[in-house]
Amino acid sequence: MSATKSDTPALGGFDIRLVTALLLAAVIVGLLLGDPGTRSGALLATLALVGVGVVALLLWKAEWSVPLMLVAASFDLGGRIISEPMPLTAYQAVLLIGLASWALRLLGGDESARPRFTLIDAGLLLLLGAALWSLPFSLDKGDTVMAIARLVFIYLFYQLTSTFLRKQWVVDVSAAAFVGAGVLQALIALAQVRGASIGNTAVRVGGPTSPLRGSAFFDDPNYLAAMLAAAVVVAAIKVVHARSLRQAIPWLTAAGVSALGVYVTYSRTGLLALAVGLVVVWALAPSGRKRWVFLAGVLAVAGIVAANPEAVIGRFTALTDVDSDQSAATRYYMITSTLEIIRDHWAMGTGLGAFDMAYPAYRIAGSSFSVIRPHQLPLAMWAEMGIAGLVAEITLTFAVLRMAWTSIRIQGPSVTPHGIVDLLAEAGDRLTLGQKVGLAIIVSYAVGSLFQYFLYIEYLWFGVALLAGSTIARRAQSSEVQDV
């Protein structure tokens, strides 16, 4: 099969794809016209044209759905297209169109579009099974059903992205789109703290007179901070692997802008995720550049602290200040409360998405009354989905670690390891750029998940998909070389 044929479905050729494009475009236009009282004619026309263009692009090359979803997801609630009769965001629209285009490719016999299953798929399917396991005894069956539906689409998102991220050009474009989306949202957050009335401007550090926390279009500034921290890490990896200063400058600029965005969110989760993520950047740097990366990291941290030492150090020290910081106290007290919920619901869980129905009875005095959603994902998965959730969590963690470890051990100049320490030291020389970016995103979000509930965050699963897709592509390439 030629490269051209492998990228397009062979379903009766152009006619069927044109008809499908027109039908999907008509649906999008109809949805956009569904609420004419709140939109001007010019905006409706513009959105309709954009919708038709996106449909045509994705039917031509479904691979473009990956970078487009990464950009659309960064607008979160601000990307909502319609609210009635059911909410539909720009991200969801791109995902649905991308899935339709992918299905056409599969029906057309395109081998390059066929998914490749790994142990990560087993973990995700176990996660779906755990969600179903929690349904019969759920404290809120309606929310659990909705949560299960969200998990189904998370798995479809993972399958779609991991399939197309086997292609290097999709990896490159997606990384650029992710970092670019981070820069855009960081600029919006910076504009918000300067007084711009755009996006979510309702969250402050403390009372009504305290500093505004940049949130861009995210409902929670911690979610924006986690995304920006991951964007900084990805840009930093690109800087480390740049072949010239000219290549490095755009990524270095993007990393700086995104880092400023993390700062104005005043998010301790974001700062911690960024700090650990930068350690991963150093660990995965080529052996010849590790020393320079370490020096640059030290200088960068020193510069950030010197710019506003009281604010930076204060946010970190507040992580353990449960006496005077109610936000920190709530997180720490919630750990105890969650463990008690696990003790009483260890088998079936409270039901996925129904944690808030059980939590008030376990709330500890001193924690915030307004916070009832789980904030520690590793514990919440067991609390909500019972023992099945714990099994799924362990399987997923093992699958990711196994894929990373196997890639480090097998790939590289020497198949025979010199020991675990030496092998880890060679990780920067053994992994591909896509694998490094995927691992860095996973670690960054994993750290953040100790304080936030990131189960449905697409960027976490983008990192997992990037690791899987790049690993599958590397193995296929190695097999072809061996065959030759």
How many angstroms lie between [atom1] in [X] and [atom2] in [Y], if you round to the nearest 0.5 Å?
{"X": "L224", "Y": "D76", "atom1": "CG", "atom2": "CG", "answer": "9.5 Å"}
{"X": "L156", "Y": "W461", "atom1": "CG", "atom2": "CH2", "answer": "13.5 Å"}
{"X": "S134", "Y": "I387", "atom1": "OG", "atom2": "CD1", "answer": "13.5 Å"}
{"X": "D143", "Y": "M357", "atom1": "CG", "atom2": "CE", "answer": "8.0 Å"}
{"X": "L284", "Y": "I408", "atom1": "CG", "atom2": "CD1", "answer": "7.0 Å"}
{"X": "L431", "Y": "L439", "atom1": "CG", "atom2": "CG", "answer": "6.5 Å"}

Practice problem: Would you please indicate yes or no on a ring centroid separation below 6.0 angstrom for Y445 and F454? | Solution: yes

Can you find a pair of side-chain heavy atoms, one from [X] and one from [Y], that are under 4.5 Å apart?
{"X": "V232", "Y": "S444", "value": "no"}
{"X": "F451", "Y": "H375", "value": "no"}
{"X": "R474", "Y": "S407", "value": "no"}
{"X": "Q192", "Y": "I198", "value": "yes"}
{"X": "F462", "Y": "F157", "value": "yes"}
{"X": "F355", "Y": "T338", "value": "yes"}
{"X": "M227", "Y": "F178", "value": "yes"}
{"X": "V443", "Y": "V276", "value": "yes"}

Using every non-hydrogen atom in the two residues, find where [X] and [Y] come nearest and quote the distance to one decimal.
{"X": "V464", "Y": "I120", "value": "CG1-CG2, 3.7 Å"}
{"X": "G98", "Y": "A62", "value": "O-CB, 4.4 Å"}
{"X": "S174", "Y": "P67", "value": "OG-CD, 3.7 Å"}
{"X": "A236", "Y": "L278", "value": "CB-CD2, 4.3 Å"}
{"X": "S65", "Y": "V94", "value": "O-CG1, 3.9 Å"}
{"X": "L466", "Y": "G438", "value": "CD2-N, 3.6 Å"}

Self-check item: Option among W169, W102, F164 that satisfies the ring-ring contact (aromatic ring centres under 6.0 Å, His included) test with W64
Solution: W169

Does the [X] side chain pair with the main chain of [Y], one donor and one acceptor, at a distance under 3.5 Å?
{"X": "S138", "Y": "D140", "result": "yes"}
{"X": "S470", "Y": "L467", "result": "no"}
{"X": "T265", "Y": "V262", "result": "yes"}
{"X": "K238", "Y": "A248", "result": "no"}
{"X": "R105", "Y": "S112", "result": "no"}
{"X": "E384", "Y": "G349", "result": "no"}
{"X": "R166", "Y": "I472", "result": "no"}

Practice problem: Please lay out, stage by stage, how T432 and Q435 fare under the test side chain to side chain donor-acceptor pair (under 3.5 Å). | Solution: CA-CA 5 Å; T432 66; Q435 289 173 315; 3.3 Å; yes

Exercise. Evaluate the side chain to side chain contact (heavy atoms under 4.5 Å, CB included) criterion for residues D220 and Q452: first the C-alpha distance (whole Å), next the side-chain angles of each, then the deciding distance (0.1 Å), finally the verdict.
Key: CA-CA 10 Å; D220 187 337; Q452 304 294 333; 4.0 Å; yes

Exercise. May I ask you to check whether over 12 heavy atoms, not counting those of R114, lie within 6.0 Å of atom CZ?
Key: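 It does: R114 CZ has more than 12 such atoms within range.
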
Quiz item: Does the side chain to side chain contact (heavy atoms under 4.5 Å, CB included) test come out yes or no for V400 and L396, once each step is laid out?
Solution: CA-CA 6 Å; V400 170; L396 271 172; 5.6 Å; no

Practice problem: Could you please spell out the steps behind the side chain to side chain contact (heavy atoms under 4.5 Å, CB included) verdict for K167 and E63? | Solution: CA-CA 9 Å; K167 300 182 178 181; E63 290 88 343; 2.5 Å; yes

Practice problem: Evaluate side chain to side chain contact (heavy atoms under 4.5 Å, CB included) for L352 paired with L151, printing each intermediate quantity in order. | Solution: CA-CA 10 Å; L352 182 61; L151 273 186; 3.5 Å; yes

Quiz item: So which pairs with a foot in residues 120-154 pass ring-ring contact (aromatic ring centres under 6.0 Å, His included), sequence neighbours left out?
Solution: none

Exercise. List the steps, then state whether side chain to side chain donor-acceptor pair (under 3.5 Å) holds for Q159 with D121.
Key: CA-CA 8 Å; Q159 275 291 334; D121 289 275; 2.3 Å; yes

